[in-house]
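Shown next, in C-alpha cells, is the structure this report addresses.
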Amino acid sequence: MQSTLLAAALLLLTACAGPVLRGTGDLGVIIERATGSVQIVDSSKLVTISSVKGLGDLSHASLVYSRDGRYAYVFGRDGGLTKVDLLRGQIERRVMQAGNSIGGAISQDGQLVAAQNYAPGGVKVFSAETLELVVDVPSSYGDAGLRSKVVGLADAPGNRFVWSLFDAGEIWVGDFSEPMKPRIEKFKNIGIQPYDGLITPNGRFYLAGLFGEDGMALVDLWHPEQGVRRILNGYGKGEEKLPVFKMPHLRGWAVAGRYAYVPAIGRHEVLILDTETWLEAGRIQVAGQPVFVIARPDGRQVWVNFAFPDNGNVDVIDVEKRSVVKQLAPGKAVLHMEFTPRGEAVWISARDDNRVVVYDTANFAQRSVLAAESPSGIFFTSRAARIGF
C-alpha cells in the first residue's frame, strides 16, 4: 500500500514539473529587441505567459516554428540561433552559427532549419531536433570568390529553400531532399541588389524585390527551366526618387486572393500585382514609405506601416475600394504587425512606447495593451502551417 502511494506521489510530482497541458495554436512570441529576450503570449486571452532571456542581439530578429508549434527557432542579428520551448518557457538549445544573420526558414518536412547570413555570406542548414550543422552553402560568386549577403530566404515545396544574393544579383534554389548533398540551381543577372523575397502561399512563385533598380525578379518554381522573368520594370520611371529611410519587407503575407500588395521602394505607394498575369493592377497612395504590407487572413483588408518619419501610423486599406479607409496611431516607432490566425485581431508593436497594442479588425477598437521592452517582431504559431512564413 505504501509503495503504491509513493508511486502515485512521484507521478504527481513529475506531472507538476512538466509543461502545462495545453495546445499551442493560440500562442505567439514577441521579440524584445533591447533586452535580448522574448515574451510568450496567448492570443486568445491577450496575456503574457512567460519571458525567456539570453537570446543575444535581437535587433533584427525573426523566427520560424516547428511543425507542431511547440518550438520557436529565433535568428539573432549576432548569428545566434536559439530553439525556444514555448510550453516550458525556456531555451532548449542555442548555437552561434555566424557573425551577422538576419533570418531563416524551416523545411517542408520540419526536419531542417536554414539560416541566411550576411557574414560570412551563405546559408547554413541545421537539424531542427539538435541544431547540429548539416550543411554549409557559401554564397560565393564571381571569379574572385567573394561572398554575398544572403536575403529573402524562404521555404518551398519539395524540401527546397530559395534565397537571393544581395551583392551578386542572383537567386539560388536549393533542393535539400538529400540534406548532405543539396542540389543548387543558380539564376544569375536577375537585377541589382535584391533585398528581400516573397514566395506565394501555394509555394509556386518566388519574387525578389530589387533595391538597385525599379522592378522585381520572378521565378516559377514549377518551371525553373523558364529562367527569371522581370516584372514591374520602371514602376517609378520618370519620377523623382525619394530617399529610402528603411528597407521594406516582402513575404507571402502580402497576397490577398488574386492580388499581391507590395511596397514601392522610396515611394508613398503600395503597388498591386495581378498574380495570374504578374502585371501591375493599380497603386494605392499611403501615408509614407511602406515597410510591411500585410493582408488580413481573409483578404478583406491590407494593413501598412511606415518608415521614419511616418512610423507612428498604420494605414488600413479596403481591398475592394483600393483605398485607405482608416488610419491608426498605435504609438511611437511601429515596427511590426501580426494578425491572429483567423484575422479578428491584429497585434502591433510600438517600440519606443514599450508596448504592443491589439486592435479589433472589424471596428478598429483597441482591445488590449501589453507592456514589452522595445518590442519588434510578433509571430504567432499559425505560421507553422504556412509556406513562406
Side-chain angles (χ1 to χ4, degrees), residues 19-31 38-50 52 61-75 83-89 103-111 113-114 128 153-157 198-203 249-257 260-261 292-303 305 314 316 319 335-349 356-362 367-368 370 372 375-389:
V20 175
L21 186 62
R22 62 162 299 156
T24 59
D26 59 357
L27 297 185
V29 170
I30 298 172
I31 302 292
V38 299
Q39 285 190 28
I40 299 172
V41 297
D42 184 321
S43 66
S44 295
K45 297 180 180 178
L46 306 179
V47 296
T48 297
I49 296 174
S50 61
V52 182
S62 64
L63 63 83
V64 295
Y65 286 104
S66 59
R67 283 167 59 102
D68 60 4
R70 176 168 179 174
Y71 298 101
Y73 300 88
V74 183
F75 305 93
K83 183 178 181 180
V84 177
D85 186 333
L86 272 62
L87 295 184
R88 294 184 184 274
I106 189 165
S107 61
Q108 184 179 38
D109 64 5
Q111 299 300 306
V113 174
L153 177 65
D155 61 285
L198 178 162
I199 194 163
T200 52
N202 62 0
H249 290 270
L250 295 171
R251 285 290 156 179
W253 55 60
V255 178
Y261 297 78
F292 285 98
V293 180
I294 304 177
R296 199 171 73 179
D298 64 355
R300 187 68 176 82
Q301 298 171 345
V302 172
W303 291 53
N305 75 323
V314 170
V316 182
V319 299
L335 294 191
H336 195 228
M337 304 170 289
E338 180 84 336
F339 288 96
T340 49
R342 299 195 182 192
E344 79 284 351
V346 62
W347 293 44
I348 301 177
S349 60
V356 170
V357 185
V358 183
Y359 287 97
D360 186 305
T361 58
R367 295 182 60 182
S368 184
L370 286 78
S376 54
I378 305 170
F379 308 88
F380 292 141
T381 54
S382 53
R383 288 171 172 250
R386 303 181 69 182
I387 294 172
F389 279 72

Full working for side chain to side chain contact (heavy atoms under 4.5 Å, CB included) between I387 and N202: CA-CA 7 Å; I387 294 172; N202 62 0; 5.9 Å; no
Y359 and W303 aromatic ring geometry - parallel, tilted or perpendicular at 30°/60° bounds: tilted
Ring geometry between H336 and W253 (parallel below 30°, tilted from 30 to 60°, perpendicular above 60°):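 Ring orientation, 0 to 90° scale: perpendicular.
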Pair Q111-S107, side-chain donor/acceptor within less than 3.5 Å: no
[X] side, atom [atom1]; [Y] side, atom [atom2] - distance, nearest 0.5 Å:
X	Y	atom1	atom2	answer
L250	F292	CG	CZ	10.0 Å
M337	N305	CE	CG	4.0 Å
T381	D68	OG1	CG	10.0 Å
R70	T24	CZ	OG1	9.5 Å
E338	I348	CD	CD1	11.5 Å
R383	S62	CZ	OG	8.5 Å

How close do [X] and [Y] get, counting heavy atoms only, and between which atoms?
X	Y	result
P341	G25	CG-O, 4.2 Å
I31	A61	CG2-CB, 4.0 Å
P375	V356	CB-CG2, 3.9 Å
I199	G388	CG2-CA, 3.5 Å
R251	A154	NH1-CB, 3.6 Å

Pairing residues for R22 by the salt bridge (charged side-chain N to carboxylate O under 4.0 Å, His left out) criterion, not counting sequence neighbours: D26, D42
Heavy-atom side-chain proximity of V319 to V302 below 4.5 angstrom: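 A side-chain contact exists here, since the closest heavy-atom pair is under 4.5 Å.
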Test side-chain contact (heavy atoms from CB on, under 4.5 Å) applied to [X] - qualifying residues, sequence neighbours left out:
X	value
L335	R33, S349, R351, S376
A384	Y65
R296	D298, R300, Q301, F339, T361
S50	I40

Under 3.5 Å: donor-acceptor pair, side chain of [X], backbone of [Y]:
X	Y	result
Y261	V293	no
S368	V358	no
S43	T340	no

R386 atom CZ: more than 12 heavy-atom contacts under 6.0 Å: no
Residues in side chain to side chain donor-acceptor pair (under 3.5 Å) contact with Q108, at least two apart in sequence or another chain: none
Step-by-step side chain to side chain contact (heavy atoms under 4.5 Å, CB included) determination, V29 to V52: CA-CA 10 Å; V29 170; V52 182; over 6 Å; no
Chi angles and distances behind the side chain to side chain contact (heavy atoms under 4.5 Å, CB included) call for F379, V64: CA-CA 8 Å; F379 308 88; V64 295; over 6 Å; no
Trace of the side chain to side chain contact (heavy atoms under 4.5 Å, CB included) decision for Y71 with V84: CA-CA 5 Å; Y71 298 101; V84 177; over 6 Å; no
